[in-house]
Structures are given as C-alpha cells and as structure tokens.
Trainee: 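One structure, pasted below without further comment.
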Amino acid sequence: MYKIMTPGPTQVAENVRLARSMECTNPDLDEDFVEFYKETCEKISSLLHTSNETLILSGEGILGLEAAIASMTEPRDKVLVLDNGIYGKGFADFVSMYGGRPELYTRDYQNTLDVKELEAFLADNHDYKYATVVHGDTPSGMLNDVSAICPLLKKYGILTVVDSVSASFGEPLNIDACQIDIMCGGSQKVVSAPPGLTFVVVSDDAKKSMADRKTPIASFYANLTAFAHYYEEKWFPYTMPISDIYGLRAAIDNIAADPAILSRHAKIASASRKAISGAGLNLYLHSGYSSTVTVFEVPEGTTAEAILEGVKKDYNIMLAGSFDVLAGKVIRIGHMGNNATFYNIREVFAALDGTLRRLGVPLKASMEDIFCKNMQ
C-alpha cells in the first residue's frame with residue numbers, strides 16, 4: 001500500500017475504520033439511528049460555528065455541490081459564478097444543467113479574489129438569485145476569503161453556495177459569521193474518512209428560497225428538500241449508508257478532540273511553501289495559499305508523470321498532479337486531515353529531494369531540511 005499524501009482522499013484513522021465495521025441496524029426503521037444521524041449532523045454544525053441545519057448525503061462531495069445547485073436553481077435564474085479556479089468555473093455547468101443562466105466573474109487563477117474589486121463590480125451588477133464561491137480550490141490550492149466575500153454578497157441580497165469540500169476543518173470557518181447560505185463539505189478531505197459522503201449546511205434563507213420555488217426541483221437524489229421533516233417523521237428519503245455514517249461520526253469526533261487542528265494545518269502549510277521556494281522551485285499560486293494543499297510547478301527538464309512515478313516507485317508515496325488547464329503543469333501535496341503531520345510531510349520532502357535529484361533537477365537546498373527547520 002502506498003502512503004496517500006494526495007489532496008483527498010486522505011489517510012483514514014484506525015478508529016474510523018473500526019467504526020465502519022460496527023454491527024448494522026436497519027436505518028430505515030431504527031429510530032435510534034435517526035437520533036445518531038441527527039446528533040452527528042448537529043456536531044458538524046457546532047464545529048462549523050452555526051445554528052444552521054446540516055444534512056449528510058449518500059454520495060461523495062460532488063453530490064452536495066450538485067444538490068445545492070439543483071435545489072436553488074429554477075429556469076432562467078441568473079447566477080453569479082465566481083471563477084478563479086477550475087472548480088469555480090465548474091459550477092457554471094451545474095447551473096446550466098438545471099436551467100439557470102450562469103454569469104462568470106472570471107479572474108486570475110493564480111491569485112485569490114480581490115474583495116474590493118468584487119465590491120466595485122457588485123455595485124452595478126447584483127441582480128442575481130445566488131452566487132457560487134469556492135472556499136478551497138483543490139486543483140490549484142487556492143483559498144478565497146469567504147469571511148469577506150459572502151457577507152458582501154449578502155449585503156446585495158445574493159444568497160451563497162460555498163464549496164468548502166477541501167477547506168472545511170483545515171481552515172477557520174464560522175458559517176454564521178460568514179453568512180453562508182449553503183456550505184458543502186466532504187468525508188474524504190480534512191475529515192479523513194473514506195470517500196462516499198457529503199455534508200451540506202443549509203440556512204433558513206436558503207430553505208425559504210427552495211420553498212418559494214415556482215417549479216419542482218429536477219432531481220430526487222440531488223434534492224435537499226427531500227430531507228424536510230425527516231427527524232419529525234423518523235423517515236429518510238432513501239436508505240442511509242449506515243456504516244459510512246458510523247465512520248464519519250468517528251472522524252468528526254476525532255476533529256472535535258483535536259484543538260490544534262487549525263494551527264497545525266497552518267504551520268505545516270507555511271513550512272511546506274518555504275521548503276519549495278527555498279529549494280528554488282516555483283509555487284503555482286501568487287496569493288491565496290491554502291493550509292490543506294500546496295501546489296508547485298513542474299520544473300524544467302522533467303515531467304509531472306516522472307516526478308509522481310519516481311516518488312511512488314522509490315518511496316512508496318502517492319502525490320497528485322492536476323487536471324484541466326493544470327494537467328501536467330503542477331504537483332500537489334495534500335497536507336490535510338490525517339496527512340497533516342510533521343513526519344508525513346517530512347517523508348514527502350525527502351522523497352521529492354531524492355526524486356528530483358535523480359531526474360537531474362538542480363535544487364538550491366534540501367526541501368526536507370528547510371521544512372524541518374521551519375517546523376521547530
């Protein structure tokens with residue numbers, strides 16, 4: 001087995017694996033499971049500093065994103081798509097799929113969104129039902145400041161759908177303070193459970209928008225209103241994947257018991273960027289660095305495939321390239337969740353040092369040494 005150091009899926013703790021092997025009840029009929037599900041949802045809401053309801057859906061993070069768009073979009077709705085990354089632009093496809101009219105606010109893919117520039121745009125352009133915002137763009141490692149962006153959109157009466165799949169629990173996030181209407185997360189990133197679940201946190205304003213629709217939601221599975229009154233009626237819209245949810249609960253309990261999780265992510269991310277720059281390699285981003293994934297450009301004289309294969313073959317470590325406009329151009333290190341430990345990342349940089357030197361890439365210094373020095 002390879003050591004998985006990708007930006008999701010991430011390494012899974014033993015107690016999470018064991019929780020998934022617990023004896024199953026019938027989640028359709030056992031009211032104790034309904035209580036367990038609701039308690040798990042409430043714990044997620046609490047950790048994200050919100051009174052909004054959390055729903056756990058049976059499908060990996062993309063399901064949550066699609067369900068949010070399907071539930072919010074009616075034919076001809078104007079939707080503002082904030083696009084400074086591959087996932088940001090990707091929201092437009094979902095909006096179009098459900099009959100909406102996406103309008104892209106496209107900016108530099110190597111810099112975080114400029115809030116003052118966005119405010120100037122919104123002063124003359126704010127006739128949108130909702131806006132989509134990517135908190136953490138996994139393909140590039142971009143972090144956008146939702147604490148400034150979402151209240152600004154709300155000031156103009158624009159609801160927000162936020163993709164925080166790769167950022168939630170690894171970056172500070174106070175959903176109520178940020179005035180986020182729908183936040184989407186996933187099990188396989190910082191949460192460090194296996195892929196297969198998404199959680200969606202929904203505000204009262206978003207629920208009202210769904211209730212006031214004039215047309216039915218064009219999906220059953222990707223329909224957040226299907227969960228309305230599940231607790232009062234003790235009835236889920238479809239059979240819940242009980243073992244996955246047992247595992248998710250154990251992973252959420254691990255997060256709750258880890259008060260240093262945010263500071264550890266931030267310190268590891270900072271030391272990783274210094275290691276890469278100090279060795280003479282180029283970070284892909286110019287600003288907006290995420291604490292959960294670091295991305296650097298493939299140096300001249302080699303390829304992404306050669307680097308990834310070398311690290312995997314010689315050091316038994318799995319890193320990631322990227323895709324779309326970044327295919328073959330960058331290498332991604334996932335230091336999120338259970339990946340985000342000193343020893344894990346030290347091994348990554350030792351492997352990169354050895355692999356790049358074998359490939360003939362000159363390094364100004366050892367990335368492992370720089371990383372260790374900055375973690376002291």
Trainee: Any carboxylate oxygen within less than 4.0 angstrom of a Lys/Arg side-chain nitrogen, looking at Asp258 and Arg264?
Mentor: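 Here Asp258 pairs with Arg264 in a salt bridge, since their nearest N and O are under 4.0 Å apart.
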Trainee: Taking Val133 as the fixed residue, which of Ile180, Asp163, Ile149 is the one that meets the side chain to side chain contact (heavy atoms under 4.5 Å, CB included) rule?
Mentor: Ile149
Trainee: Compute both the distance and the angle, then confirm whether Lys312 meets the cation-pi test with Tyr2: under 6.0 Å from the six-membered ring centre, within 45 degrees of the axis.
Mentor: yes
Trainee: Please examine the side chains of Glu171 and Ser290, heavy atoms only from C-beta on, and report whether any two atoms are closer than 4.5 Å.
Mentor: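 Answer yes - side chains close enough.
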Trainee: Between Arg332 (side chain) and Gly321 (backbone), is there a donor-acceptor pair under 3.5 Å?
Mentor: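 Judged by distance alone, yes, a pair lies under 3.5 Å.
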Trainee: Would Tyr130 and Thr73 count as having a side-chain donor-acceptor pair, cut-off 3.5 Å?
Mentor: yes
Trainee: Does the plane of the ring in Phe36 sit parallel, tilted or perpendicular to the ring in Tyr246? Use 30° and 60° as the thresholds.
Mentor: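 It falls in the perpendicular class, over 60°.
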Trainee: May I have the step-by-step check of ring-ring contact (aromatic ring centres under 6.0 Å, His included) for Phe227 and Tyr238, ending in yes or no?
Mentor: CA-CA 9 Å; Phe227 281 81; Tyr238 50 79; 5.7 Å; yes
Trainee: Out of curiosity, Asp83 CG to Thr132 OG1, how far, rounded to the nearest 0.5 Å?
Mentor: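 Rounded to the nearest 0.5 Å, the CG-OG1 separation comes to 8.5 Å.
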Trainee: Is any side-chain heavy atom of Ile182 closer than 4.5 Å to a side-chain heavy atom of Leu224?
Mentor: yes
Trainee: Look at the side chain of Ser187 and the backbone N and O of Thr198, then say whether any donor-acceptor pair between them is shorter than 3.5 Å.
Mentor: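 It does not hold such a pair.
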Trainee: How about His135 and Ser168: does a side-chain donor come under 3.5 Å of a side-chain acceptor?
Mentor: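 There is no such pair (donor and acceptor under 3.5 Å, judged by atom type) between the side chains of His135 and Ser168.
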Trainee: Under a 3.5 Å distance rule, please check whether Ser58 uses its side chain to pair with a backbone N or O of Pro241 as donor and acceptor.
Mentor: no
Trainee: Does Ser21 use its side chain to pair, donor to acceptor, with the backbone of Leu18 at less than 3.5 Å?
Mentor: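 Between the backbone of Leu18 and the side chain of Ser21 there is a qualifying donor-acceptor contact (under 3.5 Å).
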Trainee: So do the side chains of Thr239 and Asp28 get within less than 4.5 Å of each other, counting heavy atoms only?
Mentor: yes
Trainee: Looking at Glu103 and Lys78, is there a salt bridge between them, counting it only when a charged N and a carboxylate O are closer than 4.0 Å?
Mentor: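 Salt bridge present between Lys78 and Glu103.
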Trainee: Report yes if the side chains of Phe296 and Leu352 come closer than 4.5 Å at any heavy-atom pair, otherwise no.
Mentor: yes
Trainee: With a 3.5 Å cut-off and no angle check, do the side chains of Ser45 and Thr54 form a donor-acceptor pair?
Mentor: yes
Trainee: Is it the case that the side chains of Ser203 and Asn52 hold a donor-acceptor pair, with the cut-off being a distance below 3.5 Å and no angle test?
Mentor: no
Trainee: Hey, is Glu42 close enough to Lys38 for a salt bridge, meaning N to O under 4.0 Å?
Mentor: yes
Trainee: Side chains of Val190 and Thr10, heavy atoms from C-beta outward: is any pair under 4.5 Å?
Mentor: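 No, every pair of side-chain atoms sits at 4.5 Å or beyond.
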Trainee: Do Lys116 and Glu119 sit within salt-bridge range, that is, some charged N less than 4.0 Å from a carboxylate O?
Mentor: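 Salt bridge between Lys116 and Glu119, a charged N being under 4.0 Å from a carboxylate O: no.
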Trainee: Can you name the one residue among Leu113, Thr160, Val162, Asn174 that meets side chain to side chain contact (heavy atoms under 4.5 Å, CB included) with Val146?
Mentor: Val162
Trainee: Got a donor-acceptor contact below 3.5 angstrom from the Lys234 side chain to the Tyr231 backbone?
Mentor: yes
Trainee: Identify each donor-acceptor pair in which a side-chain atom of residues 362-376 lies under 3.5 Å from a protein atom, sequence neighbours left out, and give them as a table.
Mentor:
from, atom 1, to, atom 2, distance (Å)
Ser366, OG, Asp353, OD2, 2.8
Ser366, OG, Glu368, N, 3.3
Ser366, OG, Asp369, N, 3.1
Glu368, OE2, Arg346, NE, 2.9
Asn374, ND2, Ile370, O, 2.9

Trainee: Please name the residue in the list Asp204, Asp212, Asp205 that meets the salt bridge (Lys or Arg N to Asp or Glu O under 4.0 Å) test with Lys208.
Mentor: Asp212
Trainee: Got Pro7 and Met336 here, is their nearest side-chain heavy-atom distance under 4.5 Å?
Mentor: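 In short, these two side chains touch, coming nearer than 4.5 Å.
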Trainee: Can you confirm whether the side chains of Ser287 and Asn111 place a donor and an acceptor under 3.5 Å from each other?
Mentor: yes
Trainee: Could you tell me whether Glu39 atom CD has more than 12 heavy atoms of other residues or ligands within 6.0 Å of it?
Mentor: yes
Trainee: Heavy-atom distance under 4.5 Å between the side chains of His335 and Val348, does that happen here?
Mentor: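 His335 vs Val348: side chains apart.
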Trainee: Under a 3.5 Å threshold, yes or no: a donor from one side chain and an acceptor from the other, between Tyr105 and Asn84?
Mentor: no
Trainee: In terms of ring plane angle, is the pair Phe236 and Tyr230 parallel, tilted or perpendicular, where the classes change at 30° and 60°?
Mentor: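 The rings of Phe236 and Tyr230 lie parallel, inter-plane angle below 30°.
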Trainee: Are side-chain heavy atoms of Glu297 and Leu281 found at a separation under 4.5 Å?
Mentor: no
